[in-house]
**Q** 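Mind having a look at this structure? Questions to follow.
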Amino acid sequence: MPHAPDVASVTSAAPPASVDRRRRTRNYLLTMALRTACFVMAYLFEGWLRWTCVVLAVLLPYVAVVIANAVDPRRGTPMSSAGPVDRAQITR
């Protein structure tokens, strides 16, 4: 008996683009909220803690953009590694 072809699982499908966009937006907003908190803490604290907050407030926009633009690694992978499907498999 011939081996049945691999079938793509629904769980291996990538999530919709709207879910990915929502996740990236949420990550960006959380990072920017942390940056805002760093500005407030830089105003309130003194010494090394102030300068640590200032450095974080300066670096966090870059980090936020890199994280927001990161693509979900599952979106680039194919759903099945079975290769091309021939017409005989489709018409069974």
**Q** Show the nearest heavy-atom pair for residues Ala64 and Met32, with the distance to one decimal.
**A** CB-CE, 3.5 Å
**Q** Looking at Ile67 and Asn27, what are the two nearest heavy atoms and their distance?
**A** CG2-CB, 4.0 Å
**Q** Is it possible for you to say whether Leu29 and Val65 belong to one hydrophobic cluster, with membership spreading through side-chain heavy-atom contacts below 4.5 Å?
**A** yes
**Q** Quick one: name the residues clustered hydrophobically with Leu44, using the 4.5 Å side-chain heavy-atom rule over I, L, V, M, F, W, Y, and just say none if it's on its own.
**A** Val40, Tyr43
**Q** With rounding to the nearest 0.5 angstrom, report the OG1 to CG distance, Thr36 to Leu60.
**A** 9.5 Å
**Q** Is it possible for you to say whether Leu56 and Leu59 belong to one hydrophobic cluster, with membership spreading through side-chain heavy-atom contacts below 4.5 Å?
**A** no
**Q** Considering non-hydrogen atoms only, spot the tightest contact between Cys53 and Met41 and give its length.
**A** SG-CB, 3.7 Å
